[in-house]
There are 2 protein chains.
Amino acid sequence: MNRIQTTGMELFYQNGYYNTSIDDILKALSLSKGAFYYHFQSKEEFFISISQTLLFRKVYIDLIAPIEGKEDPLNTILECLDNNLQIAENNFLDYGFILGNFITEFNGKNPEIMSYLQDILTVWEVNLVTILQKGKTDGYISRHIDSESLVSFIISSYMGIRTIMVESKNKRLRYNYIQQLRQYFKTMDLRTVV
Amino acid sequence: MNRIQTTGMELFYQNGYYNTSIDDILKALSLSKGAFYYHFQSKEEFFISISQTLLFRKVYIDLIAPIEGKEDPLNTILECLDNNLQIAENNFLDYGFILGNFITEFNGKNPEIMSYLQDILTVWEVNLVTILQKGKTDGYISRHIDSESLVSFIISSYMGIRTIMVESKNKRLRYNYIQQLRQYFKTMDLRTVV
DNA sequence: AGGGTAACAGACTTATAAGTCTGTTTACCA
DNA sequence: TGGTAAACAGACTTATAAGTCTGTTACCCT
């Protein structure tokens with residue numbers, strides 16, 4: 001059952017939800033229809049179960065855990081995003097930011113699934129806002145900064161750069177992006193962004 | 001034939017390429033299979049024809065033409081992006097940045113279509129770089145700015161904010177985004193970003 | 001050991017997709 | 001006005017999708 005979810009998420013990520021059939025997933029696992037529909041009611045319910053477990057976990061591990069409870073928010077965020085971009089860069093077959101891809105795919109088509117995806121995004125957002133607010137009280141960040149705005153900006157730019165990096169062979173894309181973000185962060189940092 | 005392309009682009013935009021059937025398009029137009037396959041060889045060739053005409057034209061009209069040949073690059077870009085975000089915001093049924101959506105959808109699935117989409121993105125990119133370079137010689141922008149990096153950053157953030165704005169009801173998202181971008185631009189402007 | 005249930009196999013149904021093909025309409029021009 | 005070709009109609013084929021259903025295996029507990 002866990003293997004089905006794992007393979008399902010991989011294939012959905014690679015080929016998209018609508019372009020991946022249950023048979024594709026089962027073929028990759030040498031399983032039968034019976035096995036699948038014993039564990040899951042439908043393709044939709046299957047995807048939702050993946051969202052709430054594997055997808056959420058992945059976003060948490062990759063983007064939330066590395067910044068949780070850390071000091072020096074701006075540098076921490078920079079480092080976290082850079083790590084993720086490096087992994088994507090080194091992965092020959094990268095398909096972009098998985099959460100962003102699904103949001104794009106389900107937008108306007110499946111409100112229920114969209115709400116689950118939006119929830120995950122919100123958790124990330126809230127965590128970023130939290131660490132930034134703490135950074136203010138800890139004297140890392142200028143108090144006149146609007147954390148919500150900054151977080152929207154960070155998330156937007158990260159989603160975008162992941163989309164762009166996918167097909168572009170430009171090896172400086174990651175470096176340039178981080179440089180720009182760092183430059184921007186400097187304007188709101190009370191200490192020094194390294 | 002032009003109506004077929006127009007309706008095709010609309011439906012592909014709304015529902016995605018793989019999730020839109022030829023029959024869907026023909027039903028919307030009260031046309032038959034014969035009409036479609038008289039004009040187009042296949043669904044793929046149909047989409048490519050749309051990319052090279054309507055899609056390219058849309059990106060050009062919305063994002064390139066408004067900045068072409070203008071003075072004061074940073075403010076011009078800000079205004080252009082803000083306009084597009086306003087239109088998206090006021091459009092009750094917005095489905096995100098159409099070019100970005102297709103790039104996400106075709107990534108890793110159809111290299112040929114991807115290359116056409118990438119071409120459109122490149123045209124936009126080149127135009128942005130050009131106007132920024134001109135802005136340097138005209139004394140609008142600090143010379144130590146790397147135009148390519150800045151352009152990647154602008155495009156990334158725009159693609160991302162469009163994705164996020166789609167399902168979020170937050171009405172300040174656009175305003176905040178533009179504010180952040182303006183703030184960032186101030187650090188590289190030799191005059192005053194209004 | 002054997003009974004019972006969880007876990008799975010795989011043929012089957014129904015719907016919908018892309019693309020084909022034959023026949024019909026429409027428009028235009030001599 | 002009649003003939004010709006462009007433009008279109010729509011039934012048909014083939015493939016593939018999601019989901020169903022009946023039968024079979026594997027395992028666990030007493």
Side-chain angles (χ1 to χ4, degrees), chain A residues 1-55 95 101-102 104-106 108-114 116-117, chain B residues 1-55 95 101-102 104-106 108-114 116-117:
Chain A
M1 175 166 173
N2 220 286
R3 285 173 61 227
I4 301 179
Q5 286 184 317
T6 304
T7 305
M9 186 166 84
E10 279 172 15
L11 292 182
F12 286 146
Y13 172 49
Q14 288 171 27
N15 310 318
Y17 175 81
Y18 292 108
N19 202 32
T20 303
S21 68
I22 304 298
D23 286 315
D24 290 338
I25 298 165
L26 295 172
K27 199 191 296 174
L29 289 164
S30 300
L31 281 176
S32 67
K33 278 276 174 74
F36 180 86
Y37 284 96
Y38 177 78
H39 291 291
F40 306 100
Q41 288 176 22
S42 67
K43 188 183 179 185
E44 183 175 345
E45 188 263 341
F46 173 58
F47 184 85
I48 292 173
S49 80
I50 290 178
S51 303
Q52 294 179 319
T53 57
L54 298 183
L55 182 59
Y95 296 92
N101 289 3
F102 286 142
T104 300
E105 184 169 12
F106 286 110
K109 290 163 217 165
N110 194 315
E112 190 188 354
I113 290 182
M114 271 304 284
Y116 289 109
L117 300 175
Chain B
M1 176 167 172
N2 218 287
R3 284 174 62 227
I4 301 178
Q5 286 184 318
T6 305
T7 305
M9 186 167 83
E10 278 173 15
L11 292 182
F12 285 147
Y13 173 48
Q14 288 171 26
N15 310 318
Y17 174 83
Y18 292 108
N19 202 32
T20 303
S21 68
I22 303 297
D23 286 316
D24 290 337
I25 298 165
L26 296 173
K27 198 190 297 172
L29 289 164
S30 300
L31 281 176
S32 67
K33 278 278 175 72
F36 181 86
Y37 283 97
Y38 177 77
H39 291 290
F40 306 100
Q41 289 177 20
S42 67
K43 188 183 179 185
E44 183 175 347
E45 188 264 339
F46 173 59
F47 185 85
I48 292 173
S49 80
I50 290 177
S51 302
Q52 295 179 317
T53 56
L54 298 183
L55 183 59
Y95 296 92
N101 289 3
F102 287 141
T104 301
E105 183 169 12
F106 287 110
K109 290 162 217 165
N110 194 314
E112 191 188 354
I113 291 182
M114 272 303 284
Y116 288 110
L117 300 175

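These numbers come from the heavy atoms of this one structure, side chains and all, not from hydrogens, waters or symmetry mates. In what follows, every chain begins at residue 1, and chains take the letters A, B, ... in the order their sequences are listed.
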Locate the shortest heavy-atom distance separating B:Leu29 from B:Thr7; write the atom from each residue and the value. CD2-OG1, 3.2 Å

Between A:Phe40 and A:Ser49, which heavy-atom pair has the shortest distance, and what is it? CE2-OG, 3.6 Å

So, does B:Glu105 use its side chain to make a donor-acceptor pair with the main chain of B:Tyr18 at under 3.5 Å? yes

Check the pair A:Thr104 / A:Asn101 against side-chain hydrogen bond (donor to acceptor under 3.5 Å, both in side chains), numbers first and verdict last. CA-CA 5 Å; A:Thr104 300; A:Asn101 289 3; 5.7 Å; no

Interface with DNA chain D, restricted to residues 41-51 of chain B and to heavy atoms under 4.0 Å: none

Answer with yes or no after comparing the ring centroid distance for B:Tyr13 and B:Tyr95 against a 6.0 Å cut-off, counting only values under it. yes

To the nearest 0.5 Å, what is the distance between OG on A:Ser51 and CZ on A:Phe46? 10.0 Å

Find the distance between CG (A:Leu54) and CE (A:Met9) and round it off to the nearest 0.5 Å. 5.0 Å

Its 5'-most and 3'-most nucleotides having an atom under 4.0 Å from a non-hydrogen atom of chain A, DNA chain C is contacted over C:dA6 to C:dA11

Cation-pi check, A:Lys43 onto A:Phe12 ring (under 6.0 Å, within 45° of axis): no

Mind telling me whether A:Phe47 and A:Phe106 have parallel, tilted or perpendicular rings, with 30° and 60° as the class edges? tilted

For DNA chain C, the residues among residues 1-28 of chain A that have a non-hydrogen atom under 4.0 Å from it: none

Please state whether the phosphate of D:dA6, meaning OP1 or OP2, lies under 4.0 angstrom from any side-chain nitrogen or oxygen of B:His39. no

Given that A:Lys33 and B:Ser30 both sit by DNA chain D, which one's nearest nucleotide is further toward the 5' end? B:Ser30

Note, A:Leu31 side chain near A:Ile4 side chain (heavy atom, < 4.5 Å): yes

